[in-house]
*Asks:* 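My questions all concern the structure below.
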Amino acid sequence: MSKRHTHTCPIAAMLNIIGDNWTWMVIREAFYGASRFGEFQKNTGISKNMLSDRLSRLVEEGMFETFDIGKTGERQGYRLTAKGLSLQPVMHAMSLWGNEHLYGRENEPVTLHDKATGERITGFDLHTTSGTYVATKDVAVRPGPGASDATIRRLEKTTP
């Protein structure tokens, strides 16, 4: 476990880094193609100082990297790293949930589609390491090798 993460819960550790709405909106814009400070600010409405803070944190955590965009190296752009790109399924899940539970069918502001077929995507499937499909209702949460004693005790109550 990273020394920066004091919780033995992956959700809490993740939320400590990207748990506020502005950070998610900056990440969203990177997925939509934004790379310049001004693009992030214009597309989210975030203040300059808050955006600077969020971008610095995302770079520090290894989710974004900077690259030179000026001829003299004075200007930099931002792009997602492999770690940042791995948030794409989370972003898609958030979009699907928001569409279903906040907007409803035929009112969705953004929809997801298969690039090859154009067919609409409406959900995600969970699979085991061997590739077997698992229904959400059949997922068990169990303590992992890095679990604290408190996590082990708490999850003992829910583990079949």
Side-chain angles (χ1 to χ4, degrees), residues 1-2 4-67 77-129 131-144 147 151 154-155 157-159:
M1 178 171 68
S2 168
R4 289 192 303 232
H5 306 298
T6 57
H7 296 280
T8 58
C9 171
I11 295 169
M14 180 180 174
L15 291 175
N16 279 339
I17 299 168
I18 54 176
D20 70 278
N21 62 332
W22 289 118
T23 302
W24 278 109
M25 290 173 62
V26 170
I27 293 167
R28 176 200 67 195
E29 289 306 314
F31 277 112
Y32 287 179
S35 63
R36 295 174 179 244
F37 189 95
E39 291 174 314
F40 289 110
Q41 186 181 25
K42 177 184 173 194
N43 296 340
T44 63
I46 190 173
S47 69
K48 288 182 180 183
N49 64 333
M50 197 174 291
L51 176 58
S52 180
D53 176 66
R54 296 314 187 272
L55 287 169
S56 294
R57 180 76 188 266
L58 290 165
V59 169
E60 178 186 316
E61 291 292 340
M63 293 181 192
F64 276 34
E65 63 185 3
T66 60
F67 63 96
Y78 299 87
R79 63 180 162 228
L80 292 159
T81 62
K83 184 177 180 180
L85 288 167
S86 71
L87 288 169
Q88 194 163 28
V90 178
M91 294 292 294
H92 290 332
M94 289 168 51
S95 291
L96 291 169
W97 186 91
N99 281 342
E100 181 178 345
H101 297 287
L102 303 177
Y103 294 98
R105 191 88 168 135
E106 303 304 322
N107 292 309
E108 306 92 331
V110 175
T111 57
L112 306 176
H113 299 265
D114 182 313
K115 284 182 181 179
T117 66
E119 189 175 356
R120 181 127 176 225
I121 297 168
T122 58
F124 287 96
D125 290 333
L126 300 172
H127 297 87
T128 64
T129 53
T132 304
Y133 167 78
V134 179
T136 303
K137 67 179 182 58
D138 295 326
V139 173
V141 178
R142 296 188 177 142
T151 299
R154 190 169 74 251
L155 292 179
K157 298 174 188 174
T158 63
T159 304

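Just so you know, residue 1 is the first one in the sequence shown, and it goes up from there.
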*Asks:* How many angstroms lie between CG in Asp53 and CD1 in Ile46, if you round to the nearest 0.5 Å?
*Replies:*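 Reported to 0.5 Å precision, the distance equals 8.0 Å.
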*Asks:* So Val26 and Met50, do their side chains get closer than 4.5 Å, heavy atoms only?
*Replies:*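 The answer is no; the side chains never approach within 4.5 Å.
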*Asks:* Are Met94 and Trp97 close enough that some pair of their side-chain heavy atoms sits under 4.5 Å apart?
*Replies:*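 Met94 does not reach Trp97 side chain to side chain.
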*Asks:* Hey, could you give me the CG/CD1 distance between Asn16 and Ile11, rounded to the nearest 0.5 Å?
*Replies:*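 Between Asn16 CG and Ile11 CD1, I get 12.0 Å after rounding to 0.5 Å.
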*Asks:* Go through it in stages, so that I can follow the logic: the residues are Leu51 and Thr44, the test is side chain to side chain contact (heavy atoms under 4.5 Å, CB included), and I'd like the CA-CA distance, side-chain angles, deciding distance and then a yes or no.
*Replies:* CA-CA 9 Å; Leu51 176 58; Thr44 63; 5.6 Å; no
*Asks:* Rounded to the nearest 0.5 Å, what's the gap from OG1 on Thr66 to CZ on Arg79? Could you check?
*Replies:*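 Rounded to the nearest 0.5 Å, the OG1-CZ separation comes to 8.5 Å.
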*Asks:* Is the backbone N or O of Leu58 less than 3.5 Å from a side-chain atom of Glu60, with the two atoms forming a donor-acceptor pair by type?
*Replies:*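 Side chain of Glu60 to backbone of Leu58, a donor-acceptor pair under 3.5 Å: no, none is there.
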*Asks:* Within the structure provided, determine whether Leu80 and Phe64 are in side-chain contact (heavy-atom separation under 4.5 Å).
*Replies:*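 The answer is yes; the side chains approach within 4.5 Å.
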*Asks:* Rounded to the nearest 0.5 Å, how far does CZ of Arg28 lie from CH2 of Trp22?
*Replies:*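 The distance works out to 9.5 Å.
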*Asks:* What's the spacing between Ile121 CD1 and Lys115 NZ if we round to 0.5 Å?
*Replies:*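 The CD1 atom of Ile121 sits 10.0 Å away from the NZ atom of Lys115.
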*Asks:* Going by heavy atoms in the side chains, are Tyr103 and Val110 under 4.5 Å from each other?
*Replies:*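 Side-chain contact under 4.5 Å: no.
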*Asks:* Any non-hydrogen side-chain atom of Glu61 less than 4.5 Å from a side-chain atom of Ile18?
*Replies:*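 Not touching, per the 4.5 Å side-chain cut-off.
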*Asks:* If you take all heavy atoms of Phe40 and Ser35, which pair is closest and at what distance?
*Replies:*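 Between these two residues, the closest heavy atoms are CE1-C, 3.8 Å.
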*Asks:* Mind listing the closest non-hydrogen atom pair of Asp114 and Ala116 along with its distance?
*Replies:*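 That would be OD1-N, 2.6 Å.
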*Asks:* Quick check: closest heavy atoms across Thr81 and Gly62, and the distance to 0.1 Å?
*Replies:*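 Looks like OG1-O, 2.5 Å.
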*Asks:* For the backbone of Glu39 and the side chain of Asn43, can you confirm whether one donor and one acceptor N or O come within less than 3.5 Å of each other?
*Replies:*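 Yes, because the side chain of Asn43 sits within donor-acceptor range (under 3.5 Å) of the backbone of Glu39.
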*Asks:* How many angstroms lie between CZ in Phe31 and CG in Leu85, if you round to the nearest 0.5 Å?
*Replies:*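 One finds 5.5 Å between CZ of Phe31 and CG of Leu85.
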*Asks:* Please examine the side chains of Ser95 and Thr111, heavy atoms only from C-beta on, and report whether any two atoms are closer than 4.5 Å.
*Replies:*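 The answer is no; the side chains never approach within 4.5 Å.
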*Asks:* Kindly say whether Ser52 contributes a backbone atom to a donor-acceptor pair with the side chain of Ser56 at under 3.5 angstrom?
*Replies:*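 Between the backbone of Ser52 and the side chain of Ser56 there is a qualifying donor-acceptor contact (under 3.5 Å).
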